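Each remark here refers to the structure printed beneath this line.
Keep in mind that what you see is a predicted model, and the values were worked out from it rather than measured.
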Amino acid sequence: MQTVETLNEGLKRAYTLTITAKDIDSKVDAEVKRVAPQVRMPGFRPGKVPANLVRKMHGESIAQDALNNSIQEGIQQLIAEQKLRPAMAPAVSLDDYAPGKDAAVKVELEVLPDVPAPSIEGLKLERLIVPVPEERVAEQINQLASQQKKFDDAPEGHAAATGDLVVMDFLGKVDGVAFDGGTGEDMSVEIGTGRLIPGFEDQLVGVKVGDEKQIEVTFPEDYGVDTLAGKLATFDLTVKKVQVSGEMAIDDDFAKSLGLESLEQLQGLMKGQLENETGQLTRTHMKRKLLDQLAEGHDFPVPPSMVEAEFNQIWQQLEHEAGHEEDPAAAMAELESERDDYRKIAERRVRLGLLLSEIGQANGIEVTQAEMNRLVAQAAQQYRQEDRERFMQYIQQEPMAAAQLRAPLYEDKVVDFLFDKAEVTEREVSREELEAAIESEDGVVPHVHGPDCGHDHDEAPAKPKAKAKKAAAKPATDKDVAPAEADAPAEAAAPKKKAATKKAAEPVEAAAEVSDEAAEAPKKKAPARKKKTDAE
């Protein structure tokens, strides 16, 4: 194979590889010899079909495979010989090619920059501590108790009031005609919870056992069923029970009803949960301050293709959020005016990701095999039982998928290492003060893929200037990585995820339970997720 460098400018490289016809033919010959014993042809004993007939039968596909394999081997040889570190998958094109001729292959790619030795000395951070007051613990336990309250039949003649439970049969109609899903029996609803269509529960106030009543409600414009959205409907109700809630004593017996030993244990668990929640906020604040310091002290060129990929991820998220604003067109117009700002944010994400990866490698930080096994096992739980083994095989076969799964833990390890290196002071604040500090920052939240991933990057975009930018002010999740992953082959595709378990909502309740979650767009040949049903 002959290699000619045609471009070396900044981080961009281009080469022309010439793969000789002799090399391709030798691969074809080797493949013919390999498959010949498996070929069956009338008139010949198994394994005795002549090579020339095998060529005649399968020569075209064998030649194509040989050419593809030669190109892949040529690219790997190029990367090894030139000591390249591709930022993204190389762009490969084949000039006019005819069988029996040399193949001229053009390879274009961007390489990772030489990251200067990171400066991690002199880091100073402040840890904002939020104490959990006993009143907050009591408030959470009271809320838990309200969810566990029991209902008893109301005295005869009792008129239902807010907080009471009404059990009823109902028949819904639009324009006098019953609609699908508008009929139910023995449906229980607690007045005042807001589960049902706006205005429905209000009209239950005052009903008594045995009442037959017709109420009118209007389905919301954004109701999940198009044929009902915005429509005026009537519901014929028959009240079968009215129940009142009993007082739930918060004592040891209440704790035991939850499977605990005592109220003291419940209080301890609740306090621990609250401390964990604020602890995560504290970590987020420290992380952003840490990354601000790293960003200020390091500047180096980054691959444009990685920046473009990161920008596209940010932009898609912003477009989704803008689409849910009161005036989507105005929100999008404002985004367009700030496109350049978000591109700079994407560049900073990429630079910080590469920097954190360099810090991790330089200090021997790694995710152990035992930790990786736990990550895979946890991720496999998102899939149906029968598909979990196939998912694990997919992770084993696709290095990029494994790197994407490993990324959040690797990132956490690098950040924890830097926390340990920093000079940390502590200050007590309220939860509101901590949340305000996070909201007001132009901080970043990186996602690092680790030393074995083609590229590493991530940070939360700067503080939003408009409502449409709120989504970018914080990452959707700490696992929100964006690797330049190669397409998974069809046979290695991961299984569909199992559907989330959720009780189907009664038709009347659906309006209050319609989620504004965006359906996750599947990547090409990547693990497919099982879609939710309308009832879910």
Please round to the nearest 0.5 Å and tell me the distance separating atom CD of Q265 and atom NZ of K256. 11.0 Å
Measuring from T183:OG1 to L171:CG, what's the distance to the nearest 0.5 Å? 4.5 Å
When you look at NZ of K213, are more than 12 heavy atoms from neighbouring residues, nucleotides or ligands closer to it than 6.0 Å? yes
Under the side-chain hydrogen bond (donor to acceptor under 3.5 Å, both in side chains) rule, what do N312 and Q316 come out as? Steps first, then yes or no, please. CA-CA 6 Å; N312 289 337; Q316 288 175 6; over 6 Å; no
Over 12 foreign heavy atoms within 6.0 Å of CD, E156: no
Shortest non-hydrogen separation from E190 to L165 and the atoms involved: N-CD1, 3.6 Å
Salt-bridge contact E433-R427 (side-chain N to carboxylate O under 4.0 Å): no
Measuring from atom CD of E139 to atom CZ of R136, what distance do you get when rounded to the nearest 0.5 angstrom? 5.0 Å
Qualifying residue for side chain to side chain contact (heavy atoms under 4.5 Å, CB included) with L204, from V189, D211, V242: V189
Does any non-hydrogen side-chain atom of W315 lie less than 4.5 Å from one of L335? yes
With side chain to side chain contact (heavy atoms under 4.5 Å, CB included) as the test, would you mind laying out the steps for D153 and V209 before giving the verdict? CA-CA 10 Å; D153 289 342; V209 175; over 6 Å; no
Would you confirm whether E371, through its side chain, and V367, through its main-chain N or O, come within 3.5 Å as a donor-acceptor pair? no
So, Q203 side chain and E216 main chain: donor-acceptor pair closer than 3.5 Å or not? yes
Charged N-O contact under 4.0 Å between E435 and R431: yes
Any salt bridge linking E308 with R343? Criterion: basic side-chain nitrogen under 4.0 Å from a carboxylate oxygen. yes
Between K344 and E347, does any side-chain N to carboxylate O distance fall below 4.0 Å? no
So does E386 have more than 12 non-hydrogen atoms from other groups sitting under 6.0 Å from CD? yes
Check whether R388 reaches the backbone of Y383 with its side chain - one donor and one acceptor, N or O, closer than 3.5 Å. yes
Interatomic distance, NZ@K287 vs CG@D292, rounded to 0.5 Å, equals 13.0 Å
Please report the C-alpha distance between V130 and V429 in whole Å, then the side-chain angles of each, then the deciding distance to 0.1 Å, and finally whether the side chain to side chain contact (heavy atoms under 4.5 Å, CB included) criterion is met. CA-CA 5 Å; V130 179; V429 296; 4.1 Å; yes
Is it true that R283 and D416 have a side-chain N and a carboxylate O under 4.0 angstrom from each other? yes
V207 vs L237, test: side chain to side chain contact (heavy atoms under 4.5 Å, CB included). Steps then yes/no. CA-CA 10 Å; V207 299; L237 312 178; 6.0 Å; no
For the backbone of L128 and the side chain of T282, can you confirm whether one donor and one acceptor N or O come within less than 3.5 Å of each other? yes
Does L356 reach the side chain of L291, with side-chain heavy atoms less than 4.5 Å apart? yes
Is Q280 close to E277 at the side-chain level, that is, under 4.5 Å between some pair of heavy atoms? no
Quick one: pull up CD in Q293 and CG in L418 and give me the separation to the nearest 0.5 Å. 10.0 Å
Side chains of L274 and T278 in contact at under 4.5 Å (non-hydrogen atoms): no
Check M306 against A87 and note the closest heavy-atom contact, atom names and distance. SD-CB, 3.5 Å
If only atom types and distance count, is the side chain of S357 paired as donor or acceptor with the main-chain N or O of G353 below 3.5 Å? no
Please report the closest heavy-atom contact between I365 and Y410, naming both atoms and the distance. O-CE1, 3.3 Å
Does K413 use its side chain to pair, donor to acceptor, with the backbone of E366 at less than 3.5 Å? yes
Beyond-backbone contact of M286 with K289, side-chain heavy atoms, under 4.5 angstrom: no
With a 4.5 Å heavy-atom cut-off, do T227 and F179 have their side chains touching? no
Main chain of D186, side chain of D169: is a donor-acceptor contact present, judged purely on distance under 3.5 Å? yes
Is the shortest distance from a Lys or Arg side-chain nitrogen in E134 or K271 to a carboxylate oxygen in the other one below 4.0 Å? yes
Return the CD1 to CE distance between I395 and M372, rounded to the nearest 0.5 Å. 6.0 Å
Shortest non-hydrogen contact between F391 and V376, atoms and distance: CE2-O, 3.8 Å
For M332 and A322, work out which heavy atoms get closest and say how close. SD-CB, 3.8 Å
Look at the side chain of N276 and the backbone N and O of G272, then say whether any donor-acceptor pair between them is shorter than 3.5 Å. no
Any side-chain heavy-atom pair from V225 and D180 closer than 4.5 angstrom? no
Can you confirm whether K240 is buried at NZ, in the sense that more than 12 heavy atoms of other residues, nucleotides or ligands lie under 6.0 Å from that atom? yes
Smallest separation among heavy atoms of H285 and E126, with atom names: ND1-O, 4.0 Å
Between F419 and V424, is any pair of side-chain heavy atoms under 4.5 Å apart? no
Does G194 offer a backbone N or O that forms a donor-acceptor pair with the side chain of E201 under 3.5 Å? yes
Under the 3.5 angstrom rule, does the side chain of D175 hit a backbone N or O of V177 as a donor-acceptor pair? no
Using 30° and 60° as the class limits, which term best fits the ring planes of F219 and Y223: parallel, tilted or perpendicular? tilted
